[in-house]
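Note sheet for the following structure.
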Amino acid sequence: MKEFQPIKEGKVREIYDNGDSLIMVATDRISAFDVILKNKISRKGTVLTQMSKFWFDYTKDLLPNHMLSVDVADMPEFFRQPQFDGNSMMCKKLTMLPIECIVRGYITGSGWASYQKTGVVCGITLPAGLRESDKLPEPIYTPSTKAEIGDHDENISYEQSITVLEKAFPGKGEEYAAKLRDYTITLYRQCAEYALSRGIIIADTKFEFGLDEEGNIVLGDEMLTPDSSRFWPLEGYEPGHGQPSFDKQFVRDWLKANPDSDYDLPQEVIDKTIAKYLEAYELLTGKALA
């Protein structure tokens, strides 16, 4: 059996080269504030992979994506081990575009902090009088640069995104920037509307895109998971303060309240976190995680 070593390890993912494809494995690691925590969140990697699969299938007529298969039977023998079953995705190879495409439908997090100071979020002036967690009149596109592990992503304006893309792809900056913005908002609108019908508010999310061999823009990375999005329960939604969520916010809040934790979570926090991930998966897909 051929052994595989990751060619790239992110905070949560490991990527393996499979010749004409890549295999992305979502581990049970969890990161917060750009730090990998000491604990694993069991089954988290499977939730992330299967939720991405659900959304890739749901939006494939809107925009092509990089997913080829999540069935380890389609992958080399090495990946037919228990630790890869359910949390691995075989993907097309793409040339990734150097922008994180963030869309915000509600005012929260760093956007809310910025709005309170200046009324502006990432160069976009918002109406006066918004409360924390209010729905925005229209979703806003607030791109950021991609940081290496240990660095922070940097929010940039749409105009700056043109410059970043132009530098990487001369002559294509304006075209790619406009397409990324439009695809991001279109995907968000369609998926947020569906999620709302299932009892989940998608407050914000990030997408990543790449180019295929023909130069077409293709959706890559993960899609609308609790790691890349803020999911709130529709039930009990009430602007004016922060909302409970189905994502890492629970972990972030605990870490903020326990600054001396050395990024080591108690079992209770781990159990509550995976329960939130599983609940979000079941609400959105209508079925329990296999």
Side-chain angles (χ1 to χ4, degrees), residues 10-14 24-59 67 70 72 82-89 102 105-106 108-109 133 187-188 191-192 194-208 221-237 242-258 261 263-290:
K11 292 192 276 275
V12 172
R13 281 181 180 66
E14 293 169 353
M24 268 180 27
V25 177
T27 70
D28 290 339
R29 294 194 295 266
I30 188 165
S31 72
F33 307 115
D34 293 321
V35 176
I36 298 167
L37 275 59
K38 294 182 174 176
N39 322 80
K40 298 268 175 77
I41 307 283
S42 56
R43 301 188 77 202
K44 174 178 169 277
T46 302
V47 175
L48 298 183
T49 298
Q50 299 302 323
M51 199 176 276
S52 287
K53 176 192 186 298
F54 171 79
W55 289 116
F56 284 145
D57 285 338
Y58 184 72
T59 56
M67 178 175 71
V70 295
V72 289
Q83 70 264 34
F84 297 113
D85 195 3
N87 63 340
S88 304
M89 183 180 288
I102 298 164
Y106 294 73
T108 184
S133 309
L187 286 164
Y188 172 76
C191 297
Y194 167 81
L196 216 48
S197 76
R198 308 288 312 179
I200 287 186
I201 292 169
I202 303 175
D204 53 37
T205 192
K206 81 171 171 70
F207 301 118
E208 294 195 32
D221 199 55
E222 63 183 319
M223 183 178 187
L224 288 163
T225 70
D227 267 21
S228 65
S229 324
R230 275 194 182 88
F231 293 155
W232 297 337
L234 177 59
E235 191 181 337
Y237 164 65
Q243 308 298 308
S245 62
F246 290 106
D247 55 34
K248 293 192 293 194
Q249 198 56 44
F250 192 73
V251 170
R252 292 191 198 102
D253 291 346
W254 187 87
L255 288 169
K256 275 186 188 164
N258 296 274
S261 68
Y263 294 96
D264 196 355
L265 302 173
Q267 191 60 41
E268 173 199 12
V269 174
I270 293 169
D271 292 345
K272 281 186 176 168
T273 300
I274 192 58
K276 285 281 172 209
Y277 276 64
L278 289 167
E279 188 185 350
Y281 178 84
E282 288 173 22
L283 278 171
L284 286 168
T285 65
K287 58 178 195 276
L289 189 69

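- Looking only at distances, a side-chain donor or acceptor of Thr205 sits under 3.5 Å from a matching main-chain atom of Ser228.
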Evaluation steps, side-chain contact (heavy atoms from CB on, under 4.5 Å), between Asp34 and Lys11: CA-CA 8 Å; Asp34 293 321; Lys11 292 192 276 275; 3.5 Å; yes
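- Every residue meeting the side-chain contact (heavy atoms from CB on, under 4.5 Å) condition with Gln83, not counting sequence neighbours, appears here in chain and number order: Gln81.
- Distance alone, capped at 3.5 Å, is enough to place a donor-acceptor pair between the Lys44 side chain and the Arg29 backbone.
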Thr225 vs Val47, side-chain contact (heavy atoms from CB on, under 4.5 Å): CA-CA, chis, key distance, verdict: CA-CA 8 Å; Thr225 70; Val47 175; over 6 Å; no
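- Arg43 is not listed as a side-chain neighbour of Tyr277, based on a closest heavy-atom distance of 4.5 Å or more.
- Every side-chain contact (heavy atoms from CB on, under 4.5 Å) that Ala26 has, sequence neighbours left out, goes to Leu48, Thr49.
- Contact detail for Pro244 and Pro233: the closest heavy-atom pair is O-CD, 3.1 Å.
- Listed here is the closest heavy atom pair of Phe246 and Ala280: CB-CB, 3.8 Å.
- A distance-only check finds no donor-acceptor pair linking the side chain of Ser229 to the backbone of Phe231 [under 3.5 Å].
- A pairwise comparison of heavy atoms in Val251 and Ala32 identifies CG1-CB, 4.4 Å as the closest pair.
- Distance alone, capped at 3.5 Å, places no donor-acceptor pair between the Ser245 side chain and the Trp232 backbone.
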Test side-chain contact (heavy atoms from CB on, under 4.5 Å) applied to Arg13 and Glu222, step by step: CA-CA 10 Å; Arg13 281 181 180 66; Glu222 63 183 319; 2.9 Å; yes
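- The main-chain N or O of Gly45 is found under 3.5 Å from a side-chain atom of Asp28 such that the two form a donor-acceptor pair.
- No side-chain heavy atom of Asn39 sits less than 4.5 Å from a side-chain heavy atom of Ile30.
- Annotation: side chain of Leu255 is in contact with side chain of Leu37 (closest heavy-atom distance under 4.5 Å).
- Glu279 contributes atom CD, which lies 13.0 Å from atom NZ of Lys272 (distance to the nearest 0.5 angstrom).
- Listed for the Asp221 side chain is no donor-acceptor partner under 3.5 Å among the backbone atoms of Glu208.
- Between the Gln50 side chain and the Gly86 main chain, a donor and an acceptor come within less than 3.5 Å of each other.
- Looking at Met223 and Cys191, their side chains come closer than 4.5 Å, going by heavy atoms from C-beta outward.
- Distance CG/Leu265 to CG/Asp271: 11.0 Å, rounded to 0.5 Å.
- Across every non-hydrogen atom of Ala288 and Glu282, the tightest pair is CA-CG, 3.5 Å.
- Ring orientation note: the planes of Trp55 and Tyr58 are nearly perpendicular, at an angle over 60° on the 30°/60° scale.
- For the pair Met51 and Pro226, the minimum side-chain heavy-atom distance is below 4.5 Å.
- A perpendicular orientation is assigned to the rings of Tyr237 and Tyr106, their planes being inclined by more than 60° (bins at 30° and 60°).
- Take Asp253 and apply the salt bridge (charged side-chain N to carboxylate O under 4.0 Å, His left out) test, not counting sequence neighbours, and it matches no residue.
- Considering only heavy atoms from C-beta on, Ser31 comes within 4.5 Å of Lys248 through its side chain.
- In this structure, a donor-acceptor pair under 3.5 Å is absent between the side chains of Tyr188 and Asp204.
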